[in-house]
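Whatever order the structure lists ligands and atoms in, that order sets their numbers, starting from 1. Both backbone and side-chain heavy atoms feed into the values below; hydrogens, waters and symmetry mates do not.
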Amino acid sequence: MSKLTVVGSINADLIVHAERHPHPGETLLGSGGEILAGGKGANQAVAAAQLGANVAFVGAVGSDPYAEPAMHYMHSSGIDLSAVEQSDTTTGLAVITVSADGENTIVISPGANALVDAPFVTARQSTIADADVVLLQGEIPASGFKAAVDAAQGRVVVNLAPVIEVDRDALLQADPLMANEHEAGLILEQLGLSSTGTPRELAHRLVSAGFKSVVLTLGAEGAYVATPESNTDILTPQITAVDTTGAGDAFAGAFCTKLLEGATLVDAATFAARVGAFAATSSGAQPSYPTTSSRLPEVTQK
Ligand code: RIB
C-alpha cells in the first residue's frame with residue numbers, strides 16, 4: 001500500500017473562545033480552555049490517516065501532561081509512530097483564540113518540536129526514504145526540513161506554514177507547494193521576488209520561480225492549482241464556519257491521501273476542499289476531521 005510520511009510538529013492546542021480578538025494591551029472575557037490535539041504536522045497526518053491513508057510520522061513529543069492529549073488521535077487513527085520520540089521536555093503548545101466568526105489567532109511554543117533538526121531527521125531517514133509522498137510544514141527547525149527533503153525519494157509536498165526561512169533548493173523540490181495567499185507572499189519574498197498582486201498572480205510567479213506545481217488555498221473561495229501547463233480554480237462547499245483551526249491542515253492531509261491513490265492535482269484539491277470545509281464546521285483541529293464514513297459537504301455553486 002502506498003505510504004505517506006509526515007515530518008512535522010505535534011502540539012497540544014489550548015483553545016479559548018472570545019467574541020472578537022483582543023487588541024494589543026487589551027483584556028477580554030472569553031470562555032473555553034479545552035486542551036485538544038493539534039500541531040500542523042500531526043493534524044495533517046491524522047487527517048490523512050482518518051481518510052484511509054497509510055501514514056508514518058517523524059517528530060517529537062514531550063513527557064509532560066500535554067503529551068497525552070496531543071497524541072490522542074495520532075494513536076487512534078493508526079499512524080505508524082515508531083519514528084516519534086518521547087523526550088524529557090515539554091510538548092509543543094499552541095495558544096489559540098477563536099472569535100465568534102470562526103477565525104483564529106495562534107501563538108506557538110515549540111517545545112519538543114525544536115528537537116526535529118537535521119541529526120534527528122537523518123537518524124530516521126528510512127521512514128522518509130520508503131514513502132511515496134513526504135509531507136512537510138514549517139513548525140520544525142529549517143535544518144530538519146532540509147534533511148527530510150534530502151532523504152525523500154518519493155514526491156515531496158510542502159505546506160510551509162508558518163513560513164520559515166528554509167534552504168532554497170530544498171523548498172523548490174515541493175510538488176506541489178501548498179500555501180495560502182499570505183504565505184505565498186512571504187515565500188515569494190524569501191525567494192527575492194515581489195509579493196504584490198492577485199492570488200492567481202502570486203501562484204503564477206511561484207511557478208515561474210521553479211515550482212513544478214502550486215496549490216493556493218483561498219479559504220471560502222476554494223483553491224487554485226497552477227502548473228507550467230495549466231491553471232484551475234477549485235470550488236469549495238459553502239458552509240457556516242464554527243472554527244477554522246486546522247481546516248488548512250485537513251486540506252493538506254486529504255490532498256495527500258488522494259495523491260497516494262493516484263489522483264490528479266485538480267482531483268486531489270477538489271476532494272481536499274470538501275474535507276477542509278467539513279473541518280471548519282466544528283471546534284478544534286483534529287476533533288473536527290472526517291473519517292471515511294463522514295458525509296462531506298457538496299459544492300453547490302456553479
Ligand atoms: O493549523 C492549526 C494548527 O496550528 C494548530 O493545531 C496549532 O497547533 C498550530 O500548529
Does ligand 1 have any N/O atom under 3.5 Å from a protein N/O, and what are those pairs and their distances?
residue  : atom   : partner : partner atom : Å
ligand 1 : 1 (O)  : K40     : NZ           : 2.8
ligand 1 : 1 (O)  : D249    : OD2          : 2.7
ligand 1 : 4 (O)  : K40     : NZ           : 3.1
ligand 1 : 6 (O)  : D13     : OD1          : 3.4
ligand 1 : 6 (O)  : D13     : OD2          : 2.6
ligand 1 : 6 (O)  : G39     : N            : 3.1
ligand 1 : 6 (O)  : N43     : ND2          : 3.0
ligand 1 : 8 (O)  : N11     : ND2          : 3.0
ligand 1 : 8 (O)  : D13     : OD1          : 2.5
ligand 1 : 8 (O)  : G39     : N            : 2.8
ligand 1 : 10 (O) : N11     : ND2          : 3.1
ligand 1 : 10 (O) : K40     : N            : 3.4
ligand 1 : 10 (O) : E139    : OE1          : 3.0
ligand 1 : 10 (O) : E139    : OE2          : 2.6

Quiz item: Is the NZ or CZ atom of R274 both under 6.0 Å from the centre of the six-membered ring of F278 and within 45° of that ring's axis?
Solution: no
Practice problem: Apply ring pair (Phe, Tyr, Trp, His ring centres under 6.0 Å) to Y66 and list each qualifying residue two or more places apart in sequence or on a separate chain. | Solution: none
Quiz item: Partners of H204 by ring pair (Phe, Tyr, Trp, His ring centres under 6.0 Å), sequence neighbours excluded?
Solution: Y224
Quiz item: Is there side-chain contact between Y289 and S294, with at least one heavy-atom pair below 4.5 Å?
Solution: no
Practice problem: Could you tell me which residues satisfy side chain to side chain contact (heavy atoms under 4.5 Å, CB included) with A94, sequence neighbours excluded, listed by chain and number? | Solution: N11, D13, I96, I106, I108
Quiz prompt | Q286: which of D249, V46, L36 passes side-chain contact (heavy atoms from CB on, under 4.5 Å) | solution = V46
